[in-house]
Visitor: 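This is the structure I have questions about; it appears just below.
We name chains A, B, ... by the order of the sequence lines, and we start the count at 1 in each one.
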Amino acid sequence: MAVSDEQYEPQALQAKWQARWEELDPFRASEDADDERPRKYLLDMFAYPSGDLHMGHGEVFALADVVARYWFQRGYNVLHPVGWDSFGLPAENAAIKHNAHPAEWTYSNIETQAASFKRYAISFDWSRRLHTSDPEYYRWNQWLFNRFFERGLAYRKGGLVNWCPKDQTVLANEQVVAGRCERCGSEVVRRELTQWYFKITDYADRLLDDMAQLEGGWPDRVLAMQRNWIGRSEGADVRFEIEGRDEPVTVYTTRPDTLYGATFFVVAADAPLAEEICAPDRLEALEAYRAEVAKLSDIERLSTDKEKTGVFLGRHAVNPVNGERIPVWAADYVLSDYGHGAIMAVPAHDQRDLDFAMKFGLPVQVVVHTGLADPGETGVATSGEGKLVNSGPLDGLSKTEAISRIIEVLEERGTGAAAVNYRLRDWLLSRQRFWGTPIPITHCPDCGEVPVPDDQLPVTLPDMRGEALAPKGVSPLASATDWVNVDCPKCGGRALRDTDTMDTFVDSSWYYLRYCSPGLEDGPFDVEQVRRWGPIDQYVGGVEHAVLHLLYSRFFTKVLHDMGMVDFTEPFVRLLNQGQVINQGKAMSKSLGNGVDLGDQIEKFGVDAVRLTMVFAGPPEDDIDWANVSPAASQKFLARAFRVMVEAGAASAPGTDAAAGDLELRKVTHRTIDEVTRLVESHHFNVAIARMMELTSAARRAIDSGPGAADPAVREAAEALAVMLSLVAPYVAEEGWERLGHGPTIARAGWPVAEPALLVQESVTCVVQVAGKVRDRLEVAPTISGTELEGLALASEKVRAYLDGAPRKVIVRAPKLVNIVP
RNA sequence: GGGGUCGUAGCCCAACGGCAGGAGGCACAGGUUUUAGGUACCUGACAGUGUGGGUUCGAAUCCCACCGACCCCA
């Protein structure tokens, strides 16, 4: 046994090679238009600088790096940039706590993470590094805001908004998860405020339709989530006259076919419409009810289990098709921002309406005959298909027929029309916090909202620190008097700056474009460079952004497309969502005390072993339970592979003719290359590593009990192994590559190519089944004909034992299988 | 309630509709080396694919129902 004296010492290799790589800088993307190499743009969702890198980062970046390094090896001109999503609340909170400036915390964390990324050996092009909190970056947020403003896509309006009481700022709908702040978990309350919005709803249909481009490239569940979030539904707007009120009220319904079954009318209690409609003698009751509703959290209001509440408004609405008078109620189960904030209630066929009707003794009128028991008696609404009944001209029609018929009727009479409704709301982008991009608007008493002219951008943040940043319900910027008071860019008169900052999701909506020309001073990005690099070939990041960043970024891309600045309409061709790193079945958390520190793991096992563990643990989209994986085992494997490389390197010289080597090992090597290539491209990284393990074992056997370390096939195997392994374990691969007699860097060694002749097997095992059960195995040539194989199978003694005479049918799948049906 | 993803050895996981003599790994047991432990090398045992139907010559794989887990929307 030729065990090497060489020990695998990961820390020593890291120290040695990190310094060398820094000099070699092998991962620079070439901007050269004459560079003929095909391009790949690979991107990992950039990091938020909250302290050092954690286990989650360790996973995403290790996975994305496999893909990036693979394309480098394949000789592509690869763009794999790095940056930081460096605006945001935690910096501000830290600044308040330590009486510091948010930039101090932010940039110090960025330096820590940058050093960790370098140690972690991610193949970044460091020359393109960006930080969204740099004025050179956020200036272009403001420039883009101005473009959106010009196009009517950025606007200010008053209305009920989501307010996080802990963070003291408003939130976008997407940032409210089940009634709680997506960031801090506090229960969100509703407040009436005037805020800035991006008109993402104008793009609802395109956001939906363009998903066709993403089918196959994005995980289905993310597409489903976005579809759900946009929530397009088709139905009708129906106008109801309200007795004692001049203006009719329009409701949106997805079930206009059930219009004859509307037995009451409900207005969202918190909508202004409620008091407009309310009869004078019922106002007091409405106010009392509203006070009660205000006490409830959104979580309570949204609960389906909650008993229905409401108050009669003393008015009646008139059903436009049958003239029936139906009472108007206010209730909290109708949301003020769904449709028009009012609904027609059809208790027979909608469970919520039925619950309400039962509670308040309102009539239930069945209009769809489903064959199920009367909802008025069972308390179970029937929402299924059936023939219409009690519905005048609709009687006997199916649901679909009735919907088109009733829409015709409504349109003829001018009391309604077909309508489309979306769940998607406009993107609320203003925030009452400091550490973000100032909104470049000046409020002038005479001119109104005046954008800061492009040539005066950026509007930089004033120098504020510590206590001055404490949340107080309005933006801290409001107290920076010198900063706030400015001359109106239009009339020169006294005016005030807008004091809100932008949602940090604005920063991340277009950062991928900035990477194409990160230093550009006369625009957000170089249109020509983006045309060459874009769109992103492979994006890697967490599924938590399914309806946040990913939706916003798609929206921005479409707007920029309409502005003629990008020639594609979808930013991310393929998306990979990695799972979470958990521990003992649970998310890591301080309170559970089950946290695992990435730095500690690297100290113990080395970068390569940690990266290998992340990639080998299972399919990339599955969670990794750190309690179920073994970085120690990864380290052992790397040591095994290292010894093979060292021993092969010591026994033969580079350039040896592999053709003279051991054929069996050569076949294993080439089969492995072939499979690993396919497995990496299809993102089956864990299986690719299993194949590398097999190759390592085969090489080991060849050295110990086969042709020996000096055999050219051993060198061939070791070299292929080094390059394939370099995607995951760059340090050990680089050292092995050097021991094999090659100069640095292995990162550009070139991907091995499988020789087709060595993939051909001399014989294959053909399974012979009788009635689906394996009864014999035959060694046959891979090129055997179907007829010949059938003859061999039928001639088999083992097979004949199961046959009484002529088979009914023989299925032949040469050369691997014959199935005989007796 | 609606939609989605997923159930394979003690555990993590493989398997174009075609051999589960499981690919790989962890843990376990044994052997060789070793003063011993560890390392290294070799060997072994362990499941029949959540349940029930269907399609098919053939189903872990496709379809339906149910059970269970997770995610999204109500």
Visitor: Please report the distance, rounded to the nearest Å, between CG in A:D623 and P in B:rC13.
Guide: 9 Å
Visitor: Can you confirm whether A:D674 sits close enough to A:R671 that some side-chain heavy atom of one is under 4.5 Å from a side-chain heavy atom of the other?
Guide: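 No, their side chains stay 4.5 Å or more apart.
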Visitor: Go through B:rG24, B:rC26, B:rA14 for me and flag the one nearest to the A:A633 side chain.
Guide: B:rC26
Visitor: Between the side chains of A:R691 and A:E694, is the shortest nitrogen-to-carboxylate-oxygen separation below 4.0 Å, so that they form an ion pair?
Guide: yes
Visitor: Can you tell me the distance, in whole Å, between the CD atom of A:E675 and the P atom of B:rA23?
Guide: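 One finds 13 Å between P of B:rA23 and CD of A:E675, rounded.
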Visitor: For A:M693 and for A:F637, find the nucleotide of RNA chain B with the closest heavy atom, then tell me which residue's nucleotide is more 5'.
Guide: A:M693
Visitor: To the nearest Å, give me how far apart CG (A:D674) and P (B:rC16) are.
Guide: 15 Å
Visitor: Tell me: CG of A:D350 to P of B:rG2, nearest whole Å?
Guide: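 These atoms are roughly 14 Å apart.
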Visitor: Rounded to whole angstrom, note down the C1' distance from B:rU35 over to B:rA23.
Guide: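 That atom pair is separated by 39 Å.
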Visitor: Base, sugar-phosphate, or nothing: which does A:R691 touch, judged by heavy atoms less than 4.0 Å apart?
Guide: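 Touches a base.
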Visitor: With P as the reference atom in both, quote the distance from B:rU49 to B:rU39 in angstrom, rounded to an integer.
Guide: 36 Å
Visitor: In terms of the nearest nucleotide of RNA chain B, which residue is placed more toward the 5' end: A:V774 or A:H684?
Guide: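 On the 5' side of the pair lies A:H684.
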Visitor: I'd like the C1' distance from B:rA14 over to B:rU8, given in whole Å.
Guide: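 It works out to 10 Å between them.
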Visitor: Mind checking the P distance from B:rC6 to B:rC46? Whole angstroms is fine.
Guide: 31 Å
Visitor: Are any of the side-chain nitrogens in A:R666 or A:D662 under 4.0 Å away from the carboxylate oxygens of its partner?
Guide: no
Visitor: Enter syn or anti for the glycosidic conformation of B:rG4, syn applying to angles within 90° of 0.
Guide: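 Base orientation relative to the sugar is anti.
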Visitor: What class does the angle between the rings of A:Y333 and A:F356 fall in, given that below 30° is parallel, 30 to 60° is tilted and above 60° is perpendicular?
Guide: tilted
Visitor: Mind telling me whether A:H683 and A:F685 have parallel, tilted or perpendicular rings, with 30° and 60° as the class edges?
Guide: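 A:F685 and A:H683: tilted rings.
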Visitor: For the residue pair A:F572 and A:Y539, does the interplanar ring angle fall in the parallel (under 30°), tilted (30 to 60°) or perpendicular (over 60°) class?
Guide: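 Parallel: the ring planes of A:F572 and A:Y539 meet at under 30°.
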Visitor: What is the base-pairing partner of B:rA40, counting Watson-Crick and G-U wobble geometry with both distances under 3.5 Å?
Guide: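 For B:rA40, the partner nucleotide comes out as B:rU32, under the 3.5 Å rule.
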Visitor: Rounding to an integer number of angstrom, what distance separates B:rU34 and B:rG24 when you compare their P atoms?
Guide: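 One P to the other, the span is 29 Å.
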Visitor: Counting the atoms with a prime plus P, OP1 and OP2 as sugar-phosphate, which does A:S634 contact under 4.0 Å by heavy atoms, base, sugar-phosphate, or nothing?
Guide: nothing
Visitor: Using the P atom as the reference point in each nucleotide, state the distance between B:rC12 and B:rG2 in Å, no decimals.
Guide: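 Going atom to atom, P in each nucleotide, I get 30 Å.
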Visitor: Tabulate protein N/O versus nucleotide N/O from nucleotides 55-62 of chain B, keeping only pairs under 3.5 Å, one per line.
Guide:
from   : atom 1 : to     : atom 2 : distance (Å)
B:rC57 : OP1    : A:K809 : NZ     : 3.4
B:rC57 : O2'    : A:N819 : ND2    : 3.4
B:rC57 : O2     : A:N819 : ND2    : 2.4

Visitor: Expressed as a whole number of Å, how far does the P atom of B:rC41 sit from that of B:rU51?
Guide: 38 Å
Visitor: Looking at every strand, decide which applies to A:R808 at a 4.0 Å heavy-atom threshold: base, sugar-phosphate, or nothing.
Guide: nothing
Visitor: Give one of base, sugar-phosphate or nothing for A:D622, where a contact means two heavy atoms less than 4.0 Å apart.
Guide: sugar-phosphate
Visitor: Are any of the side-chain nitrogens in A:R227 or A:E215 under 4.0 Å away from the carboxylate oxygens of its partner?
Guide: yes
Visitor: Quickly work out the A:L679 CG to B:rA15 C1' distance and round it to whole Å.
Guide: 12 Å
Visitor: With sequence neighbours excluded, tell me which residues meet salt bridge (Lys or Arg N to Asp or Glu O under 4.0 Å) with A:D209.
Guide: none
Visitor: Between B:rG24, B:rC12, B:rC13, which nucleotide has the shortest distance from any of its atoms to the side chain of A:A690?
Guide: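 Minimum distance to the A:A690 side chain belongs to B:rG24.
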Visitor: From the list B:rA23, B:rA40, B:rC13, which nucleotide is the closest neighbour of the side chain of A:R643?
Guide: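 Minimum distance to the A:R643 side chain belongs to B:rA40.
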Visitor: Using a 4.5 Å cut-off on heavy atoms from C-beta on, say whether the side chain of A:F605 contacts that of A:R611.
Guide: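 Sidechains of A:F605 and A:R611: no contact.
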Visitor: Nearest to the side chain of A:N686, which nucleotide is it out of B:rC26, B:rC13, B:rA23?
Guide: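 Nearest to the side-chain atoms of A:N686, counting from C-beta on, is B:rC13.
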Visitor: In whole angstrom, give the distance that lies between atom CE of A:M211 and atom P of B:rG4.
Guide: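 In whole Å, B:rG4 P and A:M211 CE are 15 Å from each other.
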Visitor: Could you check how far CD1 of A:I689 sits from C1' of B:rA14, rounded to whole Å?
Guide: 14 Å
Visitor: On a whole-Å scale, what distance lies between the P atoms belonging to B:rA36 and B:rG31?
Guide: 13 Å
Visitor: Would you sort out whether A:L208 and A:Q226 count as a side-chain contact (heavy atoms from CB on, under 4.5 Å), showing the intermediate values?
Guide: CA-CA 8 Å; A:L208 213 50; A:Q226 292 216 355; over 6 Å; no
Visitor: Below 30° counts as parallel, above 60° as perpendicular, anything between as tilted: where do the rings of A:Y203 and A:F555 land?
Guide: perpendicular
Visitor: What's touching nucleotides 69-73 of chain B from the protein side, N or O pairs under 3.5 Å?
Guide:
from   : atom 1 : to     : atom 2 : distance (Å)
B:rC73 : O3'    : A:R423 : NH1    : 3.0

Visitor: Heavy atoms under 4.0 Å, any strand shown: does A:P219 hit a base, just sugar-phosphate, or nothing?
Guide: nothing
Visitor: Under 3.5 Å for both donor-acceptor distances, Watson-Crick or wobble: does B:rG1 have a partner, and if so which one?
Guide: B:rC73
Visitor: Quick one: which of A:R777, A:K816, A:E779 gives a side-chain hydrogen bond (donor to acceptor under 3.5 Å, both in side chains) with A:T765?
Guide: A:E779
Visitor: Measure from the side chain of A:K636, starting at C-beta and using heavy atoms only, and say which of B:rC42, B:rA14, B:rU39 lies closest.
Guide: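 Selected nucleotide: B:rU39.
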